[in-house]
> 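Let me give you the structure first, and then I'll get to my questions.
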Amino acid sequence: MVDFSYRSKIFIIGFSAFLLFATMLISISVGAYNVPINEVFKVLMAHIFGKEITGIYNTIVWDIRVPRVIVGMLIGMALATSGATYQGVFRNPLVSPFILGVSAGAAFGAALSIMYSFIPLSAQISAFIFGMIAVFATYSLARVRGRTPLVTLLLAGVILGSFFNALVAIFQYFASEAQLKAIVFWIMGGLYHVGWKDVYSVGLLIPLGILAIMSYSWKLNILSLGDEEARALGINTERLKIILIILSTFITPLVVSVAGIIGWVGLMIPHASRLILGPDHRFLLPMSAIFGGIFLIICDTIARTITTGEVPLGIVTSILGAPYLIYLLRSKKTQFFGGD
């Protein structure tokens with residue numbers, strides 16, 4: 001890792017934001033029906049300046065691909081920021097919403113809402129509630145004498161995730177055909193039916209959640225020093241952890257409610273960002289958000305172009321994420337678990 005200066009880090013983040021914009025344009029252009037970049041600009045400029053436009057390019061670009069790319073970017077940002085926050089709170093880079101069981105809990109909440117329509121909760125609210133239950137249950141199970149050992153935390157996450165996945169499997173067994181299709185959508189993850197309504201539903205909440213987390217970045221730096229050091233500097237560590245966990249868990253179920261379970265983003269992207277800019281959360285959080293947006297857009301573009309049909313997005317991220325976790329465990333096992 002290169003020790004960049006403050007200005008260099010700002011420049012890298014700015015350049016990464018430009019790459020995110022370029023990735024969005026390329027993704028809008030690429031697909032089963034390729035659209036020239038100049039036509040993409042024409043459509044976007046027409047809508048930005050309120051000009052009326054029709055035709056096949058307008059339908060493909062504005063009605064189909066733009067909302068999908070925007071939602072994909074927001075989902076990647078949410079998962080990466082959430083993962084970076086969890087890793088800072090628990091002080092290890094092997095924690096993510098997926099591994100902690102948050103995604104499985106949120107998927108169960110969404111499946112519960114699908115199965116029992118008489119429950120007066122939307123899929124988003126139900127996913128949020130059970131995502132919160134999952135992460136706090138994992139944290140409580142892993143707590144040993146006031147500490148949260150890494151191995152115990154990972155095991156607790158696996159246990160809770162398996163439990164909620166089993167409950168979702170029971171729902172699948174008893175579900176009707178329509179309910180089964182909806183539940184399978186949550187499990188495999190994807191942006192198949194994303195439209196402007198989804199942009200409106202998460203386009204404000206996810207950015208607000210990310211900005212709220214970033215406002216605590218300097219306190220997260222202090223928290224990463226250890227609980228005793230943070231308390232000595234006047235930080236109420238338990239209250240801060242609860243606030244950050246709530247904020248991180250708030251944006252994760254929003255992702256699940258729109259796109260289902262998408263794993264590994266919250267694990268890979270923060271670690272990659274940390275390798276580039278270091279552990280300072282003032283830079284790590286925005287870098288993770290930008291990289292998360294780029295990664296998710298690329299994965300979704302692969303998912304919808306690699307075959308004549310569409311590969312579920314969760315499968316693409318898992319194929320890329322599993323080897324990375326193997327690399328992380330092999331290269332950092334001494335740091336994480338001790339030994340020679």
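None of these values were measured; they are calculated from a predicted model.
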> Check whether any side-chain heavy atom of I10 sits under 4.5 Å from a side-chain heavy atom of R7, and report yes or no.
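Sidechains of R7 and I10: no contact.
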
> Under the salt bridge (charged side-chain N to carboxylate O under 4.0 Å, His left out) rule, collect the residues that match up with R68, sequence neighbours excluded.
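R68 satisfies salt bridge (charged side-chain N to carboxylate O under 4.0 Å, His left out) with D300, E310 only.
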
> For E238, does the CD atom sit with more than 12 other heavy atoms under 6.0 Å from it, leaving out its own atoms?
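Buried by this count: over 12 neighbours within 6.0 Å.
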
> Flag the pair V66 / L44 as yes when at least one side-chain heavy-atom distance between them is below 4.5 Å, and no otherwise.
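Counting from C-beta outward, V66 and L44 do come under 4.5 Å.
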
> Give the cluster check for F291 versus I26: same hydrophobic cluster or not, with ILVMFWY residues linked at side-chain heavy-atom distances below 4.5 Å.
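No; tracing contacts between hydrophobic side chains, which count when under 4.5 Å, never links both residues.
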
> If you measure from OG on S248 to CE on M132, what distance do you get to the nearest 0.5 Å?
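The CE atom of M132 is 10.0 Å from OG of S248, to the nearest 0.5 Å.
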
> Quick check: are there more than 12 heavy atoms from other residues, nucleotides or ligands sitting under 6.0 Å from CZ of F283?
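Counting other residues, nucleotides and ligands, CZ of F283 exceeds 12 neighbours.
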
> Are F250 and L205 close enough that some pair of their side-chain heavy atoms sits under 4.5 Å apart?
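Side-chain contact under 4.5 Å: yes.
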
> Specify the closest pair of heavy atoms between G72 and L191, including all atoms of both residues, with the distance to one decimal.
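Between these two residues, the closest heavy atoms are CA-CD1, 3.8 Å.
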
> Output the distance between atom OG (S82) and atom CD1 (I269), rounded to the nearest 0.5 Å.
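It comes to 13.5 Å.
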
> With rounding to the nearest 0.5 angstrom, report the CZ to CG distance, F295 to L20.
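These two atoms lie 14.0 Å from each other.
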
> Supply the atom-to-atom distance L267 CG to Q87 CD, rounded to the nearest 0.5 angstrom.
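Reported to 0.5 Å precision, the distance equals 6.5 Å.
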
> Under 4.5 Å between any side-chain heavy atoms of V61 and E39, yes or no?
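No. Closest side-chain heavy atoms not under 4.5 Å.
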
> Rounded at 0.5 Å granularity, tell me how far CD1 in I243 sits from OG1 in T85.
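I243 atom CD1 to T85 atom OG1 measures 13.0 Å (nearest 0.5 Å).
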
> In this structure, which one of I251, I262, L74, V256 forms a side-chain contact (heavy atoms from CB on, under 4.5 Å) with L79?
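The side-chain contact (heavy atoms from CB on, under 4.5 Å) with L79 is passed solely by I262 among I251, I262, L74, V256.
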
> If two hydrophobic side chains count as joined below 4.5 Å and joins carry through other members, does I64 share a cluster with I70?
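Different hydrophobic clusters.
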
> Where the side chain of S27 meets the backbone of M24, is there a donor-acceptor pair that is under 3.5 Å apart?
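It does not hold such a pair.
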
> Please list, chain by chain and in numerical order, all residues satisfying side-chain contact (heavy atoms from CB on, under 4.5 Å) with I315, sequence neighbours excluded.
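I315: side-chain contact (heavy atoms from CB on, under 4.5 Å) contacts with M188, V311, P312, I319.
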
> Report yes or no: does N34 contribute a side-chain atom to a donor-acceptor pair with the main-chain N or O of G31 at less than 3.5 Å?
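It does hold such a pair.
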
> Please check: side-chain N/O of N58 versus main-chain N/O of G55, any donor-acceptor pairing under 3.5 Å?
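A pair under 3.5 Å: no.
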
> State, yes or no, whether a side-chain contact exists between L220 and V89 at a heavy-atom distance under 4.5 Å.
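Yes; the side chains approach each other to less than 4.5 Å.
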
> Does atom CD1 of I306 have more than 12 heavy-atom neighbours, drawn from other residues, nucleotides or ligands, at distances under 6.0 Å?
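Result for CD1/I306: open.
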
> Would you check if Y86 and V135 make a side-chain contact, meaning some heavy-atom pair closer than 4.5 Å?
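Yes, at least one pair of side-chain atoms sits under 4.5 Å.
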
> Grouping I, L, V, M, F, W and Y whenever their side-chain heavy atoms are under 4.5 Å apart, do V158 and F130 come out in a common cluster?
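Per the 4.5 Å side-chain linkage, V158 and F130 are not co-clustered.
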
> Please check: side-chain N/O of R282 versus main-chain N/O of W218, any donor-acceptor pairing under 3.5 Å?
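Not confirmed, R282 side chain does not pair with W218 backbone.
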
> Examine V69 and V30 and state if one hydrophobic cluster contains both, with Ile, Leu, Val, Met, Phe, Trp and Tyr joined whenever side-chain heavy atoms are less than 4.5 Å apart.
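Looking at the clustering, V30 is in a separate group from V69.
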
> For residues 96-112, dump all side-chain donor-acceptor pairs below 3.5 Å to protein atoms at least two apart in sequence or in another chain.
{"from": "S96", "atom 1": "OG", "to": "F98", "atom 2": "N", "distance (Å)": "3.4"}
{"from": "S96", "atom 1": "OG", "to": "I99", "atom 2": "N", "distance (Å)": "3.2"}

> For E52, what residues pass the salt bridge (charged side-chain N to carboxylate O under 4.0 Å, His left out) criterion, not counting sequence neighbours?
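With neighbours one apart ignored, the set is empty.
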
> Quick check: closest heavy atoms across S224 and H281, and the distance to 0.1 Å?
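Heavy-atom minimum between the residues: CB-CE1, 4.5 Å.
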
> Can you pull out every ring-ring contact (aromatic ring centres under 6.0 Å, His included) where at least one residue sits in residues 9-58? Sequence neighbours excluded, please.
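Every ring-ring contact (aromatic ring centres under 6.0 Å, His included) pair that includes a residue of residues 9-58, provided the two are not neighbours, is H47-W62.
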
> If you compare all heavy atoms of A78 against all heavy atoms of V255, which two are closest, and at what distance to 0.1 Å?
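Here A78 and V255 meet closest at CB-CG2, 3.7 Å.
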
> Check step by step if side-chain contact (heavy atoms from CB on, under 4.5 Å) holds for V35 and R65.
CA-CA 11 Å; V35 180; R65 292 185 185 168; 3.8 Å; yes

> Would you kindly confirm whether Y216 and L211 end up in one hydrophobic cluster when ILVMFWY residues are joined by side chain heavy atoms under 4.5 Å apart?
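No.
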
> Measure across L313 and G190 and return the closest heavy-atom pair with its distance rounded to 0.1 Å.
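Answer, listing the atom of L313 first, then G190: CB-CA, 3.8 Å.
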
> Quick one: does L284's side chain get under 4.5 Å of L277's, heavy atoms only?
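No - every pair of side-chain heavy atoms lies 4.5 Å or more apart.
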
> To the nearest 0.5 angstrom, please state how far the CD1 atom of I261 sits from the CZ atom of F164.
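That separation rounds to 11.5 Å.
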
> Do T317 and M268 make a side-chain contact, defined as non-hydrogen atoms from C-beta onward lying under 4.5 Å apart?
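Contact flag for T317/M268 side chains = no.
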
> Taking all non-hydrogen atoms of both residues into account, name the closest pair between G292 and A80 and its distance.
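Scanning both residues completely, I find the closest heavy atoms to be CA-CB, 3.8 Å.
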
> Yes or no on side-chain contact (heavy atoms from CB on, under 4.5 Å) for L240 and N236, after CA distance, side-chain angles and deciding distance?
CA-CA 6 Å; L240 178 60; N236 186 330; 6.0 Å; no

> Donor-acceptor check, side chain of T301 to backbone of I297, threshold 3.5 angstrom: yes or no?
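Checking the backbone N and O of I297 against the side chain of T301, a donor-acceptor pair under 3.5 Å is found.
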
> Quick one: list whatever passes salt bridge (charged side-chain N to carboxylate O under 4.0 Å, His left out) with K219, sequence neighbours left out.
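Once residues adjacent in sequence are excluded, K219 has no partner under the salt bridge (charged side-chain N to carboxylate O under 4.0 Å, His left out) criterion.
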
> What is the minimum heavy-atom distance between L160 and A134, and which atoms define it?
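Heavy-atom minimum between the residues: CG-O, 4.4 Å.
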
> State whether the number of non-hydrogen atoms from other residues, nucleotides or ligands found under 6.0 Å of F163 atom CZ is greater than 12.
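At most 12 heavy atoms, drawn from other residues, nucleotides or ligands, come within 6.0 Å of this atom.
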
> State whether E228 and R231 are salt-bridged, where the test is any N-O pair (Lys NZ or Arg NE/NH1/NH2 against Asp/Glu carboxylate O) under 4.0 Å.
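Here E228 does not pair with R231 in a salt bridge, since their nearest N and O are not under 4.0 Å apart.
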
